[in-house]
Amino acid sequence: MDKLSEKLDQLPKAPGVYFHKDKHGKVIYIGKAAVLRNRVRQYFQKSRNMDPKTTLLVSEITDIDWIEVETEIDALFLEAELVRRYLPKYNILLRDDKSLTYIRIDYKANYPSVTLTRRPLDDKADYYGPYNSSQTLKLSLKYLRRIFPYSTHMGVIPKRVCLQYHLGLCPGIEENKTTIGDYRANLRQLIRYIKGERTALIKDIEKSMNQASRKKDYEAAASYRNQLTSLKSLSNRIIFSDKENLEMSKDQGLAGLADILGLNNIPRRIEGYDISHMQGTNNTASMVVFINGIPDKVSYRKFKMRLPGNNDFGHMEETLSRRLSEKNQKSWPKPDLILIDGGKGQLSSAIKARDILGVSIPMIGLAKREEEIIVDNIGSKLSVNRDILKTHRAIIADIGNFSAILLPKDSPIIKLLQRIRDESHRFAVSYHTVLKIKSQKNSILDNIPGVGPTTKKVLLKEFGSVDGITKANKTDIQKLIGYSKATVIKQYLSTK
């Protein structure tokens, strides 16, 4: 209790996110606070009446930690990201029966909008959250909308600008008051703030303001200045993920991963790879990127395999050869760690590609069956410390030139790797599905020179199928598309 008392005395009078931990150091609850010192100390005030669930939570707390942020809005977004990342048991247990709230932004729509929803759909829109309190989320967006105006109209576009436009809260693209390009640029800034890039965003706006001023575009410079002023004033707002404010050393998954693998630094950029195919057809590979433990979807890449057939090992080698090519090394940032979805075979193939290209990047695999971390003992670029593994309750087994590390299922390290592996699998399967559907829509007619979609449509409408076209009289085809095309089609189909 002395250690806990010392921590309570050190709590700052600033907004932030706090972690309650049990005797094993496991995060059991995450919360946000306008003033960390006041909120966290309330849990240990004997005079306060608490419900049974909260009483049970307090009985398990043996340590606390926290992350300071600049504003209460930052605390709201950071709390949502960390709860999604750790899934602490008491955040689930103490949650009421109401549905969680998400921010929905259909950025790619012809008329993008920002709305709140309790049920995310597979509708190509981007969803952020979930957030426990819809009331605090609405208040946060109310302030952010003044800085980054957005529309809330979904589906039907109004014929004239709405009242929100006259209040400076809506872009007014209904009457071309703002171009769609400028509107999307504004939404990108809002998304960056929601994702926690507040500091970098302020620097970029300051840079744009200075550039506009040098060009003597004083109207644009004034607009940027107003945005900056409003952003900085958010710290004065009373509201009740900020990956820049997130100290990675306090992320148990990232810090633990660096610990067991003997990395010199916590891996900021982790790339995950997976292969997807169906009986050796429409072979694809995915590359997903996690920055500070958070998916960075803008950096995702997909590969259409050139090597034919059902060959996971060959495809993994091809993928890493292409990713680590000189061109892509210059174009894409270098990862601190690469995670391969698979065991010894897939990892060996990836390492082979890396070593041929002479690149020094640590690689590990995650075998599906037992969720074992696979490490190459010879050329892994890693230094696994077996004594440190014991502190993480890990079991290690040597398999030839490889080691298999088995961690407890509730380990933050395993949860982090599973998130990356599952995301790489999802992304690979989604691209494979796209190629599969596309190939199903293709026909032998697509391979005939000079036959485009219009000609193909005319022929299939008349004869019903490729077999019908093959059996049709050349004169009948000629009447529809002309002598030249009819001759080419009949000659091509006769050879097939």
Side-chain angles (χ1 to χ4, degrees), residues 14-15 68-78 81 103-116 126 128 137-153 161-239 241-246 291-292 294 296-299 333:
E68 288 185 51
V69 295
E70 292 193 29
T71 73
E72 293 175 41
I73 297 178
D74 294 339
L76 171 71
F77 293 137
L78 178 57
E81 171 56 38
I103 301 173
R104 177 187 183 274
I105 304 179
D106 52 349
Y107 175 82
K108 296 179 181 178
N110 293 330
Y111 186 80
S113 61
V114 179
T115 54
L116 299 182
D126 294 320
Y128 302 91
L137 180 59
K138 288 175 183 176
L139 191 54
S140 298
L141 287 177
K142 174 184 174 183
Y143 292 125
L144 288 174
R145 192 176 184 186
R146 295 173 186 173
I147 307 170
F148 310 109
Y150 57 78
S151 172
T152 57
H153 300 295
V161 292
C162 59
L163 174 63
Q164 303 302 319
Y165 167 75
H166 296 289
L167 295 175
L169 303 176
C170 192
I173 62 173
E174 302 93 335
E175 296 183 12
N176 294 318
K177 302 293 185 182
T178 302
T179 66
I180 187 67
D182 288 342
Y183 179 33
R184 286 204 173 103
N186 183 67
L187 284 180
R188 285 196 296 271
Q189 290 184 322
L190 174 63
I191 291 169
R192 287 181 66 185
Y193 193 101
I194 292 172
K195 291 171 67 176
E197 300 178 24
R198 180 177 185 272
T199 304
L201 180 59
I202 287 176
K203 288 180 180 178
D204 287 346
I205 294 175
E206 285 178 340
K207 183 179 178 181
S208 298
M209 180 182 69
N210 293 332
Q211 288 176 345
S213 181
R214 284 195 295 270
K215 294 177 181 178
K216 297 184 178 180
D217 186 354
Y218 299 119
E219 186 176 345
S223 177
Y224 289 128
R225 180 203 60 205
N226 294 339
Q227 270 194 323
L228 279 175
T229 303
S230 298
L231 273 174
K232 292 177 180 178
S233 70
L234 287 177
S235 58
N236 300 322
R237 301 295 185 186
I238 298 176
I239 305 297
S241 79
D242 194 334
K243 61 188 176 190
E244 291 175 308
N245 288 327
L246 173 60
I291 305 293
N292 295 354
I294 301 172
D296 181 20
K297 296 189 178 183
V298 175
S299 300

Are the side chain of [X] and the backbone of [Y] linked by a donor-acceptor contact shorter than 3.5 Å?
X      : Y      : answer
Ser213 : Met209 : no
Thr178 : Pro171 : yes
Asp106 : Ser113 : yes

Exercise for review: Using the side chain to side chain contact (heavy atoms under 4.5 Å, CB included) rule, take Thr152 and Gln164 through it: C-alpha gap first, then chi angles, then the decisive distance, then the call.
Suggested key: CA-CA 10 Å; Thr152 57; Gln164 303 302 319; 5.7 Å; no

Point to revise | Distance-only side-chain donor-acceptor flag, Ser223 / Asn226, under 3.5 Å | key: no

Nearest atoms (heavy-atom pairs only) where [X] meets [Y]:
X      : Y      : answer
Arg188 : Tyr107 : NH1-OH, 2.6 Å
Ile180 : Asn110 : CD1-O, 3.6 Å
Cys162 : Cys170 : SG-SG, 3.9 Å
Leu228 : Glu206 : CD1-CG, 3.3 Å
Asn186 : Phe148 : ND2-C, 3.3 Å
Ile205 : Tyr224 : CG2-O, 3.6 Å

With a 4.5 Å cut-off on side-chain heavy atoms, are [Y] and [X] touching?
X      : Y      : answer
Glu70  : Pro15  : no
Ser140 : Ile73  : yes
Ser151 : Tyr183 : yes

**Study point:** side chain to side chain contact (heavy atoms under 4.5 Å, CB included) between Tyr128 and Phe77, intermediate numbers included
**Key:** CA-CA 9 Å; Tyr128 302 91; Phe77 293 137; over 6 Å; no

Pairwise distance [atom1]([X]) to [atom2]([Y]) - rounded to 0.5 angstrom:
X      : Y      : atom1 : atom2 : result
Glu68  : Leu78  : CD    : CG    : 12.0 Å
Asp182 : Leu187 : CG    : CG    : 11.5 Å
Ile147 : Leu190 : CD1   : CG    : 9.5 Å
Leu141 : Thr115 : CG    : OG1   : 10.0 Å
Ser208 : Gln189 : OG    : CD    : 7.5 Å

Practice item. Check step by step if side chain to side chain contact (heavy atoms under 4.5 Å, CB included) holds for Arg104 and Val114. Key: CA-CA 6 Å; Arg104 177 187 183 274; Val114 179; over 6 Å; no

Practice item. Take Ile194 and Ile105, measure what side chain to side chain contact (heavy atoms under 4.5 Å, CB included) needs, and give me the verdict at the end. Key: CA-CA 11 Å; Ile194 292 172; Ile105 304 179; 4.3 Å; yes

Review point. Is the Lys NZ or Arg CZ of Arg145 less than 6.0 Å from the centre of Tyr150's six-membered ring, within 45° of the axis?
Key: yes

Practice item. Mind running salt bridge (Lys or Arg N to Asp or Glu O under 4.0 Å) on Asp126 and Lys108 for me, showing each step along the way? Key: CA-CA 9 Å; Asp126 294 320; Lys108 296 179 181 178; over 6 Å; no

